[in-house]
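Okay, structure first, notes after.
Throughout, residue positions are numbered sequentially from 1 according to the sequence presented.
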Amino acid sequence: MALVIILVLLLVGVALVSLYRLIMLRRGGTAAILRVLPAEGGHGWRHGLIRYDEDRLVFYKLTSLKLGPDSCIRRLGIEVSDRRSPVGDEYDIMTDEIVVMAVSDGQGDFELALDRGAMAAFLSWVESRPSERVRRRPGQ
């Protein structure tokens, strides 16, 4: 009997987490494909949504049950170092319309695959960040 109660509570917990995640994803965002580097070949890519706020980009995997974002890219130290088209088996999940960018924020390295409109929005967000001098407070 106790085992049945534990299993029911576990299923209810998983259902609640799934519902929360679904609500978070339905709030909107930009479709993206992201992978954490290092990765070999076409492995490690995950579909999801990105959202921008003042200081970071957050990525939510479509298949994750994690309550918060699965990856964060900090805006202040962000560097876009390379742009390319998909190669090899990446075409299994991407089209010619996708641009793959290497992105680093000083805490992690990523590849971000976006369509051209989403890439323009991402680059605009990166380029509009305030400079380090503007962010410093007087006396620092």
To check you understand the geometry: which heavy-atom pair defines the closest contact between [X] and [Y], and what is its length?
X: Phe59; Y: Ala32; answer: CE1-O, 4.0 Å
X: Ile73; Y: Asp105; answer: CA-OD2, 3.5 Å
X: Ile98; Y: Ala113; answer: CG2-CB, 3.6 Å
X: Leu34; Y: Ser71; answer: CD2-OG, 3.9 Å
X: Asp89; Y: Gly41; answer: OD1-C, 4.3 Å
X: Gly48; Y: Leu62; answer: CA-CG, 3.7 Å

Nearest 0.5 Å, what's the [atom1]-[atom2] distance between [X] and [Y]?
X: Ile6; Y: Leu10; atom1: CD1; atom2: CG; value: 9.5 Å
X: Lys61; Y: His47; atom1: NZ; atom2: NE2; value: 13.0 Å
X: Arg74; Y: Leu57; atom1: CZ; atom2: CG; value: 10.5 Å

Would Ile78 and Val103 satisfy side-chain contact (heavy atoms from CB on, under 4.5 Å), going step by step from the backbone distance to the final call? CA-CA 7 Å; Ile78 199 167; Val103 177; 3.6 Å; yes
By side-chain hydrogen bond (donor to acceptor under 3.5 Å, both in side chains), Arg84 pairs with (sequence neighbours left out) Glu90, Glu111
Per-pair distances, 0.1 Å, donor-acceptor, side chain in residues 114-122, under 3.5 Å, sequence neighbours excluded:
from   : atom 1 : to     : atom 2 : distance (Å)
Asp115 : OD1    : Gly117 : N      : 3.3
Asp115 : OD1    : Ala118 : N      : 2.8

With clusters defined by side-chain heavy atoms of hydrophobic residues (ILVMFWY) lying less than 4.5 Å apart, directly or transitively, does [Y] cluster with [X]?
X: Val99; Y: Tyr52; result: yes
X: Leu112; Y: Ile93; result: no
X: Val126; Y: Phe110; result: yes
X: Val12; Y: Val4; result: yes
X: Trp45; Y: Leu37; result: no

Should Met94 and Ile33 count as side-chain neighbours, where that means a heavy-atom distance under 4.5 Å? yes
Is any side-chain heavy atom of Leu123 closer than 4.5 Å to one of Arg83? yes
Just by distance, do the side chain of Arg75 and the backbone of Trp125 share a donor-acceptor pair under 3.5 Å? yes
Quick one: list whatever passes side chain to side chain contact (heavy atoms under 4.5 Å, CB included) with Ser124, sequence neighbours left out. none
